[in-house]
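Everything below concerns the one structure shown next.
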Amino acid sequence: MPGGRLTQQERQQIALGLGDGLAYAEIARRLDRPTSTITREVMRNGGPTAYRADLAHRATERRAHRRRQAAPRGPQALPPAHGRDAEAVREYEETLTTVFIQQGTPKMMARVMACLCVSDTGSLTASELVRHLQVSPASVSKAVAFLDEQGLIRRERDASRRERYVIDDDVWYQSMVASARGTLLVAETARQGVGVLGSGTPAAERLENIARFLDFISESIVRAADQAREVLHTAPAAPPEGDATSGSDRPPRTGRP
């Protein structure tokens, strides 16, 4: 049933496959499903290390119930474009939101980030976010205030003087650099502990090794971000004509060694 919804038995097979350390592509092959289906299923239900078949099945039923209840509430802010499958886009947006949450972004902020990322313009007004996410204006206001403060989005006025919230491509560069600075701060603090605990003691040696490791990681992140920054502003090369391989069909990493 490649086109239908996952059954509880299929979810149990996914859980068994993850337990055996199988890649998403192999699990998909055994179930005769697209790899992207397995990827979305796992990532929006706890990830490869926390996926539980029964919990995933109940969560899917709850989401379906909420969608049925929300259907009469009016049009969404992001109508399908470019011939896209609206259901596939919605599921992908849920997956992206889940990944942001797993990285530490609060839920509402993660939903706004994902919504902006999947919009072609990369910018939306508060009313568009409210309609699309079907939440209160206060929820959107709180989320965008947090994201703006973190430097993850910016505000601008359009021709109608409406405030729009924009996610720039350079946000990801700035995020990497900020992460490197945070890592460097931990390294510096660890090194301060060497003098406090006494050079040559086991605790001091541990902290010195932590500091050296984090120094290297921080420097590597900044160097890689600087070298790759232009990628964020470069249009990807078109695939060779007749090449049917897509990124979603490549076996994703499952987070296991």
Side-chain angles (χ1 to χ4, degrees), residues 3-6 34 36-47 56 58-172 174-175 232 236 246-248:
R5 294 191 178 279
L6 289 167
S36 57
T37 297
I38 306 304
T39 303
R40 287 195 298 268
E41 167 68 16
V42 174
M43 292 308 298
R44 69 184 177 187
N45 289 291
R58 287 200 293 270
T60 300
E61 291 178 338
R62 287 196 299 271
R63 283 193 293 266
H65 179 66
R66 286 199 300 268
R67 286 197 296 272
R68 286 193 296 269
Q69 287 184 321
R73 296 178 62 179
Q76 293 193 342
L78 304 179
H82 305 292
R84 294 169 179 145
D85 181 331
E87 179 69 7
V89 173
R90 183 196 61 75
E91 289 186 354
Y92 171 73
E93 188 175 326
E94 285 187 8
T95 299
L96 187 58
T97 298
T98 300
V99 170
F100 286 155
I101 292 171
Q102 290 174 340
Q103 296 302 309
T105 307
K107 183 177 180 180
M108 192 64 229
M109 292 65 171
R111 294 187 68 193
V112 170
M113 280 279 289
C115 188
L116 287 169
C117 282
V118 302
S119 68
D120 285 311
T121 61
S123 72
L124 294 167
T125 64
S127 60
E128 288 171 334
L129 287 166
V130 166
R131 288 199 303 273
H132 181 71
L133 299 175
Q134 297 188 353
V135 296
S136 69
S139 295
V140 168
S141 178
K142 182 178 179 180
V144 298
F146 172 88
L147 294 171
D148 185 27
E149 183 180 339
Q150 298 296 315
L152 296 173
I153 65 171
R154 62 179 172 84
R155 303 167 188 255
E156 68 178 22
R157 297 280 181 179
D158 61 18
S160 302
R161 303 301 298 166
R162 294 175 304 177
E163 189 170 68
R164 303 188 69 86
Y165 308 113
V166 184
I167 184 166
D168 289 318
D169 291 337
D170 222 36
V171 157
W172 309 109
Q174 299 297 342
S175 177
L232 293 168
S246 66
S248 62

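Here the structure is a predicted model, which is why all the values come from computation and not from measurement.
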Considering all heavy atoms of both residues, which atom of [X] and which atom of [Y] are nearest to each other, and what is their separation?
{"X": "D169", "Y": "L232", "result": "OD2-O, 3.3 Å"}
{"X": "R154", "Y": "E156", "result": "NH1-OE1, 2.8 Å"}
{"X": "W172", "Y": "M113", "result": "CH2-CE, 3.8 Å"}
{"X": "T97", "Y": "A114", "result": "OG1-CB, 3.2 Å"}
{"X": "C117", "Y": "I167", "result": "SG-CD1, 3.6 Å"}
{"X": "P137", "Y": "V130", "result": "CA-CG2, 3.7 Å"}

Within the side chain of [X], is there an N or O that forms a donor-acceptor pair under 3.5 Å with the backbone of [Y]?
{"X": "D148", "Y": "V144", "result": "no"}
{"X": "R164", "Y": "S123", "result": "yes"}
{"X": "R111", "Y": "L133", "result": "yes"}

Next item on the list: Evaluate the criterion side-chain contact (heavy atoms from CB on, under 4.5 Å) for residue pair I153 and V171; output intermediate values, then yes/no.
Entry: CA-CA 7 Å; I153 65 171; V171 157; over 6 Å; no
Notebook entry, point to check: Does R90 pair with E93 as a salt bridge, N-O distance under 4.0 Å?
Noted result: no
At what distance, to the nearest 0.5 angstrom, does [atom1] of [X] lie from [atom2] of [Y]?
{"X": "E128", "Y": "S119", "atom1": "CD", "atom2": "OG", "result": "8.5 Å"}
{"X": "D85", "Y": "Y92", "atom1": "CG", "atom2": "OH", "result": "15.0 Å"}
{"X": "D168", "Y": "L152", "atom1": "CG", "atom2": "CG", "result": "11.0 Å"}
{"X": "R44", "Y": "I101", "atom1": "CZ", "atom2": "CD1", "result": "13.0 Å"}
{"X": "N45", "Y": "R58", "atom1": "CG", "atom2": "CZ", "result": "11.5 Å"}
{"X": "S136", "Y": "M108", "atom1": "OG", "atom2": "CE", "result": "8.0 Å"}

Next item on the list: Answer yes or no: is there a side-chain heavy-atom contact under 4.5 Å between L124 and H132?
Entry: no
Item checked: Heavy atoms from other residues, nucleotides or ligands near CZ of F100 exceed 12 (cutoff 6.0 Å) -> yes
